[in-house]
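Position 1 is the first residue of the sequence; numbering continues from there.
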Amino acid sequence: MTGLYPPNAPTATVRAPKFARYLLDRGHDVRVLAAQNLQFPAAVDPEIDEGRITHVPYIRRGLTAPMTEADQPRPDGGSGNGAGGNGDSGMAQKVGRLRYLVRRLQHLPDPHVTWIAPAVAAGGALAAEWRPDVLFSTGPPDSSHIVAARLSRRLGVPFVAELRDLWSDNIYNRRRVVVEAIERVQELATLRRAAGIVAVTEGAAERLADRYDVPVVQAANGYDPADFAGLETVEPLDAARLSIVHAGSTYGGRRSPEPLFAALAAMGEAADGIVCHFYGEDIGPVRAFAEAAGVGHLVETHGPVGRKQVLEIERRADVLLLLRFATEGEKHVVAGKLYEYAGARRPILCHGQMEGEAAEIIRGHGLGLVSNDPQEIADWLRARCAEREEGRLPDLPAGPAETLTRSTQFAKVERLLSDVAQT
């Protein structure tokens, strides 16, 4: 069960439907209980027959006023515009922080909180006709785990919780003492009832294993080779120039492409043989960074596109850009986008945090360059330009990518579910 499940869901919500498909293909009987999020377009494949999905209508608790940049959370715990300030500016920031705190308290554990009660009711009705052996919740949204815990107690069926991001320790939420304390209480009250826990990174798995006395399995995101079927041979995105593609959010520019733009500026006229494409909703900061570096003519920005089109664009690109926060907390965050890039078998250029699990995957599997050094990046790009054949860089070897598939990781979760169901 999850508060976000396709088709009406963000394009990043592909792990849950992929896992449902995996379980069905392995011979298990699967039903999905999910919130009905009609505010999202139907842009993601649910992977399984619609008859196996129960979408629960609910009224999503909206924000009372739009968030300003000062309200936005940041992974280092600060505000979008920094702390402090004088006069009207300082007061505006204090008001913004207070407004954010109030709204966070209203939405705990997340803005989908109002789906909990109708989801429990719908789950109970479903169980009257089809009784599960084990419940599985995946979040965020963390309200999914509360639904599972309540259904587990009501039905007498064990549940396993998958935390794709940590709950009370989530680095993407601004740290506020009151909010963090309530989140910790909610998490402990919910997950202490779980029969098992799944984490997607080693760091998260270690933290959860220290906190809960249940089996904790680390199962990374991975990619699905079937997503790239029919894309084995594609035309280059730009036959004349080395194309660099970033697909996804920059979190208002806080995951910054500035090292790349500084490298392009340092390359001089040689950079004219390179073009950078950014696809997503928050492309304004990208354009500002490019103009400030004097390389705006080398950057093309686009709105968000559907997942199928994104995969084709990634296959046609020469280099895929992965942007990460440069914070300590990012060391144990591995974005699903990294595995998607690996499946595309195109060289990866990564900025942000230089250490941690994601950096180790890129370096250890020979997938590309992890660097914030403009000169090192410039030298690497020159080498990639020289390697192009018939208007496109050759694919990376298939071997390293094959070790990062979803099925390899899902097998760990399947074993945990089977063990829990049999106890």
Assess whether atom [atom1] of [X] is packed by more than 12 heavy atoms of other residues, nucleotides or ligands within 6.0 Å.
| X | atom1 | value |
| --- | --- | --- |
| Glu50 | CD | no |
| Asp213 | CG | no |
| Lys412 | NZ | yes |
| Glu281 | CD | no |

If only atom types and distance count, is the side chain of [X] paired as donor or acceptor with the main-chain N or O of [Y] below 3.5 Å?
| X | Y | answer |
| --- | --- | --- |
| Arg406 | Asn221 | yes |
| Thr405 | Asp224 | no |
| Arg346 | Pro394 | yes |
| Thr408 | Leu404 | no |
| Gln409 | Ala220 | yes |
| Gln218 | Val200 | yes |
| His351 | Leu260 | yes |
| Glu206 | Ala204 | no |
| Tyr58 | Ala119 | no |

Say you draw a straight line from [atom1] of [X] to [atom2] of [Y]; how long is it, rounded to the nearest 0.5 Å?
| X | Y | atom1 | atom2 | value |
| --- | --- | --- | --- | --- |
| Arg150 | Phe159 | CZ | CZ | 11.5 Å |
| Asp373 | Gln375 | CG | CD | 7.0 Å |
| Ile362 | Leu338 | CD1 | CG | 5.0 Å |
| Arg255 | Asp282 | CZ | CG | 10.5 Å |
| Glu330 | Met354 | CD | CE | 10.5 Å |
| Arg324 | Asn372 | CZ | CG | 10.0 Å |

Residues [X], [Y]: salt bridge by 4.0 Å N-O rule:
| X | Y | result |
| --- | --- | --- |
| Arg31 | Glu129 | no |
| Arg184 | Asp169 | yes |
| Asp227 | Lys18 | yes |
| Asp210 | Arg207 | no |
| Arg241 | Glu300 | yes |
| Arg384 | Asp318 | no |

Exercise for the section: Identify the two heavy atoms, one from Pro6 and one from Pro17, that lie closest to each other, and give their separation to 0.1 Å. Expected result: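 Closest pair (atom of Pro6, atom of Pro17, distance): CG-CG, 3.7 Å.
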Problem - Passing option when Asp110 is tested against Asp142, Ile146, Leu4 for side-chain contact (heavy atoms from CB on, under 4.5 Å) - result: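 When side-chain contact (heavy atoms from CB on, under 4.5 Å) is applied between Asp110 and each of Asp142, Ile146, Leu4, only Asp142 qualifies.
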Is the shortest heavy-atom distance from the side chain of [X] to the side chain of [Y] under 4.5 Å?
| X | Y | value |
| --- | --- | --- |
| Leu264 | Leu381 | yes |
| Val30 | Arg21 | no |
| Arg345 | Phe228 | no |
| Arg307 | Glu340 | yes |
| Val147 | Ser137 | no |
| Asp272 | Leu298 | yes |
| Leu416 | Pro215 | yes |
| Phe40 | Thr13 | no |

Is it true that [Y] and [X] share a donor-acceptor pair across their side chains at a distance under 3.5 Å?
| X | Y | value |
| --- | --- | --- |
| Tyr279 | Gln309 | no |
| Asn37 | Tyr5 | no |
| Thr138 | Arg164 | yes |
| Ser168 | Glu183 | no |
| Glu357 | His332 | yes |

Practice task
Could you tell me if the ring centre of Phe289 sits under 6.0 Å from that of Phe261?
Solution key: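 Ring-ring flag for Phe289/Phe261: false, centres at least 6.0 Å apart.
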Exercise for the section: Quickly, which of Arg192, Arg211, Arg193 forms a salt bridge (charged side-chain N to carboxylate O under 4.0 Å, His left out) with Glu187? Name it, please. Expected result: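 Exactly one option meets the salt bridge (charged side-chain N to carboxylate O under 4.0 Å, His left out) with Glu187, and it is Arg211.
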Exercise for the section: Decide salt bridge (Lys or Arg N to Asp or Glu O under 4.0 Å) for Arg287 and Glu291; before the verdict, give the C-alpha distance in whole Å, the side-chain angles of both, and the deciding distance to 0.1 Å. Expected result: CA-CA 6 Å; Arg287 174 57 58 187; Glu291 296 295 343; 3.4 Å; yes
